[in-house]
Peer 1: 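Below is the structure I would like to discuss, written out as structure tokens.
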2 protein chains.
Amino acid sequence: MHKLYLMTRSEENYIKTIFHLGRKGTQEVATNAIAELMETKPSSVTDMIKKLSEKNLVNYKRYQGVSLTSLGTKTALGIIRKHRLWEVFLVEKLDFSWDEVHEVAEQLEHIKSDKLIDSLDRLLAFPKFDPHGDPIPDKNGGFKERDRDLLSEVPINTVGVCVGVKDSSATFLKFLDKNGIALGNQIRVKEREEFDGSLNIEIDGRNLQISHVIAANLYIKTNDEI
Amino acid sequence: MHKLYLMTRSEENYIKTIFHLGRKGTQEVATNAIAELMETKPSSVTDMIKKLSEKNLVNYKRYQGVSLTSLGTKTALGIIRKHRLWEVFLVEKLDFSWDEVHEVAEQLEHIKSDKLIDSLDRLLAFPKFDPHGDPIPDKNGGFKERDRDLLSEVPINTVGVCVGVKDSSATFLKFLDKNGIALGNQIRVKEREEFDGSLNIEIDGRNLQISHVIAANLYIKTNDEI
DNA sequence: ACAAATTTTTAGATTTGCCTAAAATTTAAT
DNA sequence: ATTAAATTTTAGGCAAATCTAAAAATTTGT
């Protein structure tokens with residue numbers, strides 16, 4: 001039950017990775033996929049999966065991939081809660097930019113103290129989203145995905161607010177900074193170029209031309225939904 | 001030079017322990033002393049000392065004890081700076097009590113990010129002392145011990161302000177809380193019982209009888225010094 | 001369906017940090 | 001000054017987490 005507190009850093013990182021991969025496809029997560037994302041070898045993944053399986057954190061049958069148990073999911077949500085709360089802290093209280101927070105939050109997310117994280121939550125006034133627009137699970141692991149659409153998939157003339165990024169790599173985030181794109185910006189899709197899928201948008205008054213790749217990594221919340 | 005960033009958690013803990021033991025006696029630090037404080041075995045200490053020695057963090061000759069090099073000292077001060085800044089953060093921003101901060105700070109002190117710690121320093125308005133009255137090294141490792149005396153050693157009728165504790169165990173700190181003793185309290189030594197060394201003091205207006213052991217773990221800053 | 005390609009697992013090593021037990025060295029005592 | 005006691009180091013092992021290379025199972029292609 002409270003084994004959560006006995007987990008090693010490595011175990012926590014595996015659980016987190018399996019959670020993220022499990023979100024995307026609804027399938028079981030492949031050993032190779034975990035290895036690739038964690039920059040380790042498949043054989044190492046197999047070893048760890050066996051260990052996690054014995055701790056009842058994952059469901060595992062040889063050669064059949066892996067999925068989180070409810071205990072594993074709860075654990076993952078706890079780690080993600082910590083990661084995202086620390087990201088908010090770094091941006092709001094320590095003036096980090098959104099491309100600088102991930103690396104440090106990767107370390108901070110492993111600090112063990114319920115009191116610490118709940119106090120941090122309170123200090124930050126219980127934020128619901130992190131600096132990249134991703135939802136922050138509450139104390140019990142509950143969280144709501146925000147209604148949002150990829151900019152690349154909304155019809156022409158859609159109006160909305162930029163509420164998140166799909167890719168939160170430093171490279172992409174710095175690009176957005178350079179082009180004055182930030183969460184909270186008002187966006188209108190003016191034109192879509194059929195040839196390459198690039199978009200002509202109006203963002204906070206300015207006009208901007210963005211490629212399909214960029215648009216496919218920006219989330220907006222539209223106004224015209226019920 | 002920048003090997004500081006390649007240190008493991010365990011290496012950092014040894015360096016910190018050697019620093020603390022080195023402060024007390026001016027001697028070389030004994031293997032057994034390190035083992036006892038870290039709750040490990042002398043043989044493990046020897047192993048680690050060899051490793052630290054190869055990294056130029058400690059001076060070591062077999063059977064002759066160990067001392068920090070200047071690089072080792074710098075490293076230790078960096079860790080202590082982080083530890084104490086995090087303690088201030090926990091008390092000032094997250095409403096931890098002074099007996100709760102140590103355990104969590106032991107974890108936080110190993111987070112690696114210069115930007116993080118310097119921003120934290122700024123957020124806290126560059127504090128000079130931690131919640132137990134211990135000095136916080138600055139960015140370059142410089143710090144000044146405050147002029148202070150153990151309450152057990154000042155003459156009768158000395159007046160001063162409580163500025164620190166020698167023992168900062170949770171047990172002692174909770175005892176102080178229970179008896180309404182805190183940093184900043186105004187203290188006057190009224191009487192010293194020869195038989196057992198206990199003291200009769202006036203603290204923020206109240207009268208209090210404290211044992212020698214308690215007095216020997218409380219620092220005051222007196223007014224009558226040059 | 002069956003061979004080829006891919007994925008996954010096993011087997012055997014390595015590194016880090018720790019352990020126990022025994023040997024080496026230093027310190028203390030008579 | 002020797003012996004006894006304490007300290008410290010060495011030797012050999014163990015568990016965690018990783019790796020390489022090889023074997024096993026699954027999936028794919030025709």
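Chain letters run A, B, ... following the sequence lines, proteins first, then strands; residues in each count from 1.
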Peer 1: Is a side-chain donor-acceptor pair under 3.5 Å present for B:Trp98 with B:Asp177?
Peer 2: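 Checked: B:Asp177/B:Trp98 side chains pair up, N/O donor to acceptor below 3.5 Å.
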Peer 1: Can you tell me how far C1' of D:dA16 sits from CG of A:Leu52, to the nearest Å?
Peer 2: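 Rounding to the nearest Å, CG of A:Leu52 and C1' of D:dA16 are 13 Å apart.
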Peer 1: Determine: side-chain N/O of A:Thr40 to OP1/OP2 of D:dC19, distance under 4.0 Å, yes or no.
Peer 2: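 Result: yes.
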Peer 1: Which pairs, with at least one residue in residues 110-155 of chain A and sequence neighbours excluded, count as a ring pair (Phe, Tyr, Trp, His ring centres under 6.0 Å)?
Peer 2: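 Matches after skipping sequence neighbours: none remain.
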Peer 1: Taking only residues two or more places apart in sequence, or in another chain, which ones meet A:Glu11 in a salt bridge (charged side-chain N to carboxylate O under 4.0 Å, His left out)?
Peer 2: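 Salt bridge (charged side-chain N to carboxylate O under 4.0 Å, His left out) check on A:Glu11 returns A:Lys51, A:Lys55.
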Peer 1: Phosphate oxygens OP1/OP2 of C:dT16: is one of them under 4.0 Å from a side-chain N or O of B:Ser10?
Peer 2: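 No.
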Peer 1: List the residues meeting ring-ring contact (aromatic ring centres under 6.0 Å, His included) with B:Tyr219, not counting sequence neighbours, and say none if there are none.
Peer 2: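 B:Tyr219 satisfies ring-ring contact (aromatic ring centres under 6.0 Å, His included) with no other residue.
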Peer 1: Starting from P on D:dT7, measure out to NZ on B:Lys41 and report it in whole angstrom.
Peer 2: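 Spelled out: NZ on B:Lys41 to P on D:dT7 is 14 Å.
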Peer 1: Suppose we screen for side chain to side chain donor-acceptor pair (under 3.5 Å). Which residues come up paired with B:Glu106, at least two apart in sequence or across chains?
Peer 2: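 Residues passing side chain to side chain donor-acceptor pair (under 3.5 Å) with B:Glu106: B:Lys16, B:His102.
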Peer 1: Output all residues satisfying salt bridge (charged side-chain N to carboxylate O under 4.0 Å, His left out) with B:Asp99, sequence neighbours left out; order by chain, then residue number.
Peer 2: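 Here no residue qualifies.
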Peer 1: If I take atom CD in residue A:Glu11 and atom P in nucleotide D:dA16, what distance separates them, rounded to the nearest angstrom?
Peer 2: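 Checked: the CD to P distance equals 9 Å.
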Peer 1: Just by protein heavy atoms under 4.0 Å, how would nucleotides 7-15 of chain C read 5' to 3' in B, S and -?
Peer 2: SBBB-----
Peer 1: Give a yes/no on whether any side-chain N or O of A:Tyr14 is located under 4.0 angstrom from OP1 or OP2 of D:dA16.
Peer 2: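 For D:dA16, neither OP1 nor OP2 has a side-chain N or O of A:Tyr14 closer than 4.0 Å.
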